[in-house]
Structures are given as structure tokens and as C-alpha cells.
Amino acid sequence: MTVWNDSFIAAGVGGFNLWKSQSVAKDLEYIISNSLKEKQIQNENFENALQNYAKIRQILNSPENILGSNKTKHGEIAEYLEVYIRNAKAAFNGQAEVATFNGVGRTAATDFFLKGVKTQSKFINGASKSLSSVLEHFNKYQDKTIDYIIPKDQYDIIQSLSNGQNPTNLSEKSIRSILKKIDTIEGLTGRPFNDVVKQSISNYDEVQIGKVHDTLQKNQEQMVHDNQQILNEIDEKADQNRESVHINAAPSFREGMKVAGTAAVISTTVSACVNIYSKVKSGTKLFDFTTEDWKDVGLESVKTGTKAGVTAASIYGMTNLTSLSAPFAGAVTSAAMGVTSLLVNYQKCKIDLDEVVTQGQILCLEAGIAAVGGAMGQTLIPIPVLGAIIGTVTTNLVWGIAKGKLGQKEEAFKRHMDDYMAGLLAKVDSDYYKIIQKIDKAYARFNTLIDAAFDVHANKATLAAASIQLAREIGVEEHKILKNNDDLMTFFLN
């Protein structure tokens with residue numbers, strides 16, 4: 001038995017190491033995949049942004065199609081830069097277009113829409129003249145919903161003058177003229193100046209015929225630089241995440257203690273199940289186990305070392321008594337399939353009621369011990385009472401699975417189970433009965449799901465839905481659950 005136990009533990013540790021390496025590989029694969037996806041998205045954004053620069057160059061390559069003389073063409077050029085460079089920046093950030101010429105006549109009162117707002121561009125040489133052009137346009141159309149855009153450098157000068165500064169050494173007369181026009185614009189529109197007049201993305205000289213190509217090149221080179229910086233940041237983040245995975249995967253004392261503790265719990269539980277099964281098969285009823293029987297099984301340590309070891313690990317694995325986790329749920333599911341087979345044999349008169357109860361208890365033993373193990377974390381259960389509690393829990397599990405499946409034989413089966421339970425409960429006082437009730441409540445979480453998942457009378461769609469929900473409840477990873485025909489085909493073909 002010792003050799004078998006050591007081999008079992010070694011296999012368990014080996015399995016843990018395999019799981020760990022697979023988990024690390026999976027994490028690294030996700031990091032690389034996610035990094036490539038982020039870079040692909042960024043490169044697509046960059047390409048979409050460049051298309052806007054291509055549109056501007058196409059327009060500039062046919063200057064004869066731009067309105068005005070060589071001295072005034074910069075007005076319409078400023079509009080093209082405003083729309084397409086803004087859209088390029090939005091595309092670069094993965095956003096939708098922010099500006100458009102759609103729905104606007106070429107010589108209409110509105111030049112373009114910016115973020116859904118009618119916008120008029122005014123690129124005149126000199127801040128005061130640009131403001132005069134704004135007033136002239138407003139007086140002509142009287143549209144208080146139009147926003148105006150003026151050159152960036154002129155806007156900065158106007159803002160400085162409004163704040164009492166004079167960065168370009170303008171005369172007092174020019175300053176008074178500009179400030180007066182600001183007041184006039186606010187008075188006519190009923191809106192703050194900064195809400196009516198906005199800053200362009202370009203300076204006045206940057207949109208001129210002889211300078212606009214350099215302006216485009218400068219903006220595009222900056223975008224190339226920014227794109228490369230973002231790609232580098234994606235790579236750096238991926239490197240940091242990979243390093244974090246390797247650090248977390250490194251062996252540690254804490255992890256070693258966790259593995260050792262888990263191995264001890266599993267080994268103890270499996271050994272106990274085997275020994276209990278042997279005693280029951282030899283004729284000893286579970287609720288008749290004496291202190292000596294439990295010593296033989298190896299659970300005497302419940303009062304000492306197991307109280308601190310096995311029970312603590314059970315609490316760690318199961319969260320708490322009223323919310324038992326996947327180990328208990330999985331055991332209940334396995335027991336349900338086994339007990340269902342016993343019930344079929346009972347209906348065919350191949351076995352009697354006593355055999356159903358005895359063998360059913362053995363099938364439910366793993367779930368029963370898991371549940372009672374959780375209870376030990378709250379209450380120290382004396383050895384003589386332990387058999388009655390485990391017997392009661394496993395009997396309740398058997399009845400919960402059998403209920404509704406025996407037809408005419410169910411009433412007789414229920415009477416037999418009631419008598420059997422009465423004998424068990426006679427050995428359990430009220431405090432321990434409360435423990436049984438809590439365990440039964442935890443089992444009830446899975447009972448309905450199990451019934452639905454194994455209901456032979458249900459249609460395929462209902463069974464599939466119930467099986468998927470049951471798999472989730474007992475802790476199966478989402479990506480391992482077969483939800484449709486495609487998942488099924490992939491599972492078998494791979």
C-alpha cells in the first residue's frame with residue numbers, strides 16, 4: 001500500500017508539473033497572440049491614416065482644380081488639411097472620421113462639418129483681418145450655429161492678448177481693434193468667443209502653395225514616429241508580461257507546501273474510501289463503524305493532525321460548507337451516474353433494497369467524505385458519530401438521485417430509506433443534524449442540474465443546455481465545454 005501511495009503522490013506531483021508547464025505555455029501563447037493582434041490593429045490604423053494623406057496629395061497634384069488664384073488658393077487648401085489631417089489622426093487612434101465635406105456645397109456658407117457641427121474656415125493674413133472676415137461672414141448669413149476656424153498661430157496671439165499679454169509687440173491700436181472684435185462676435189452670436197472661434201491644426205504659412213507639401217511631410221513623419229513608438233510599447237508590454245509569467249512559474253516554498261498538502265489530502269481521501277469500501281463489503285454497516293473500525297480506516301487522525309491538515313486543505317479547496325466547489329460537485333455527478341445504474345438493476349429485480357442502499361452509499365462515499373471534511377473545519381466530530389453522519393449524507397445523496405426515477409417501486413423504496421435514516425439519526429444529536437442539513441443544502445445546488453442533464457425523457461436541446469450548465473457548475477473550464485456541433489467535431493478531429 002505504501003508503494004502504491006508513493007506512486008500515486010508522485011503521479012500527482014508529475015501531473016501538477018505538467019499542468020503548470022501547460023499553463024505557462026498557454027499564458028505565453030496568449031501574450032504573443034495578443035501582442036500580434038494589437039500590432040496588427042495599430043498597423044491597420046496607421047494605413048487608414050495614410051490614406052487621408054494620399055487624398056490631400058492627390059488634390060494638391062492638380063492645383064488647377066483648387067479655387068482661387070495662386071495668392072488665395074491657400075484658403076481652400078486649409079480646408080482640405082483641416083478635414084483630412086484631422087481624420088488621419090482619428091484613424092491613427094482607431095476612431096471614426098471627425099470631419100467631412102459630405103452634404104456641403106463647395107461655395108456654400110459652410111465649408112465642412114467638424115464633429116457634426118457646421119464649420120467655416122477663415123485663413124486671412126493677420127489676426128485682426130481673420131476676425132473681420134468672421135464678422136463679415138456672420139453678418140451675411142446670420143447663422144448662430146456655425147463655428148469658425150482661424151490659423152493656429154493667429155488664435156494663439158488672440159488668446160495671449162485676451163490674457164493681457166502682447167507676444168508680437170502689436171500696437172495699442174491693433175490690440176484694441178482685436179479685443180473689440182472679440183466683444184462684437186460674442187455680442188452678435190450670444191456665445192463665448194472660444195466657443196464660436198476655434199483653433200486650426202495649421203498655422204497661416206503652413207497652408208501656402210509653396211509650403212503645404214513640407215507641412216504634409218512633417219505631419220506624416222511625426223505619425224510614422226508615433227506609430228513606431230506605439231509598436232515598441234506593445235513589444236515592451238509583452239516582454240514584461242512574459243517575464244511576469246516566468247517569475248510566477250518559478251518554484252517556491254509556498255507552492256511546494258501547497259502541492260504537498262494537496263497530495264496528502266488526496267492520498268488520505270482515496271485511502272479512506274478504499275478501506276471503508278473493504279469493510280462495508282465484508283458486512284459491516286457504515287453507521288455501525290466503531291472507533292476501532294475508524295482507526296483501521298485511518299481517520300482517527302481527524303481528532304489530531306487531520307483537524308489541522310486535511311480539514312484545512314478541505315476548506316482551502318471548497319471555500320466553505322454552504323458553497324462546496326468542483327471536487328464535491330464532480331463527485332456528486334459521478335455518483336449520480338453510478339446510482340442511476342443501480343436503480344435500473346433494482347427495477348429489473350436484479351438487486352434488492354439493501355443492496356441499493358449499501359452500494360449507493362459506497363458510490364456516494366467520495367462526495368460524503370468531501371462534504372463532511374468541510375464540516376470538520378467548523379466542528380470537531382467525535383469518531384463514533386462520524387459513521388452516522390457520513391452514512392446520513394450518503395443516504396440522502398442516494399435518495400436525492402433516486403427520487404422520481406422508480407415509478408411504482410418508489411413508495412416502497414422511500415419507506416425503506418425513511419426507516420434506514422431514522423436509525424442513523426437516532427445516533428446523531430441536534431448539533432450534528434444541523435451539519436447534515438447544511439450539507440444537504442449544498443447538494444441541492446447540483447441535484448436539479450444533474451436531473452436535467454441525465455433526464456432520458458428530455459429532448460436533445462434541453463439535455464445539451466443542462467449538460468453545459470452542469471459542466472460550468474462543477475468547474476469545467478469554459479473553453480473545454482462542448483457547446484455545439486462545431487465544438488464536437490473539433491474535439492474528435494483534433
Side-chain angles (χ1 to χ4, degrees), residues 273 276-277 280-281 283-288 324 328-372 387-428 432-467 469-471 473-474:
C273 287
I276 291 172
Y277 176 79
V280 172
K281 289 294 287 184
T284 305
K285 299 286 187 181
L286 185 60
F287 66 86
D288 286 333
L324 298 177
F328 174 67
V332 171
T333 306
S334 299
M337 291 185 283
V339 171
T340 300
S341 178
L342 287 178
L343 297 175
V344 172
N345 288 334
Y346 169 64
Q347 285 184 308
K348 294 180 179 179
C349 299
K350 292 182 178 180
I351 58 176
D352 59 21
L353 285 174
D354 285 334
E355 287 179 287
V356 174
V357 175
T358 301
Q359 293 185 39
Q361 282 184 322
I362 292 171
L363 287 170
C364 296
L365 195 57
E366 183 183 356
I369 290 179
V372 175
I389 291 180
I390 294 178
T392 303
V393 172
T394 53
T395 303
N396 280 339
L397 291 176
V398 172
W399 169 242
I401 296 167
K403 187 167 54 177
K405 296 183 176 70
L406 293 174
Q408 294 179 350
K409 291 189 175 184
E410 184 163 309
E411 186 176 349
F413 186 81
K414 180 65 168 63
R415 284 198 302 269
H416 186 82
M417 296 294 283
D418 287 343
D419 292 341
Y420 188 82
M421 285 289 293
L424 290 172
L425 294 176
K427 298 186 177 184
V428 178
Y432 300 119
Y433 182 65
K434 291 178 182 177
I435 294 174
I436 295 171
Q437 288 180 312
K438 289 183 179 180
I439 295 171
D440 287 343
K441 183 178 179 181
Y443 163 72
R445 291 178 53 218
F446 307 106
N447 191 24
T448 302
L449 287 172
I450 291 170
D451 284 345
F454 297 104
D455 185 359
V456 296
H457 301 295
N459 59 44
K460 293 181 180 179
T462 302
L463 283 174
S467 298
Q469 185 59 35
L470 177 61
E473 188 73 13
I474 66 175

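Salt bridge K414/E410: absent, no basic N to carboxylate O contact under 4.0 Å.
Nearest heavy atom pair, residue K409 against residue Q347, reads NZ-O, 3.2 Å. What you find for I351 and L342 is that their closest heavy atoms are CD1-O, 3.5 Å.
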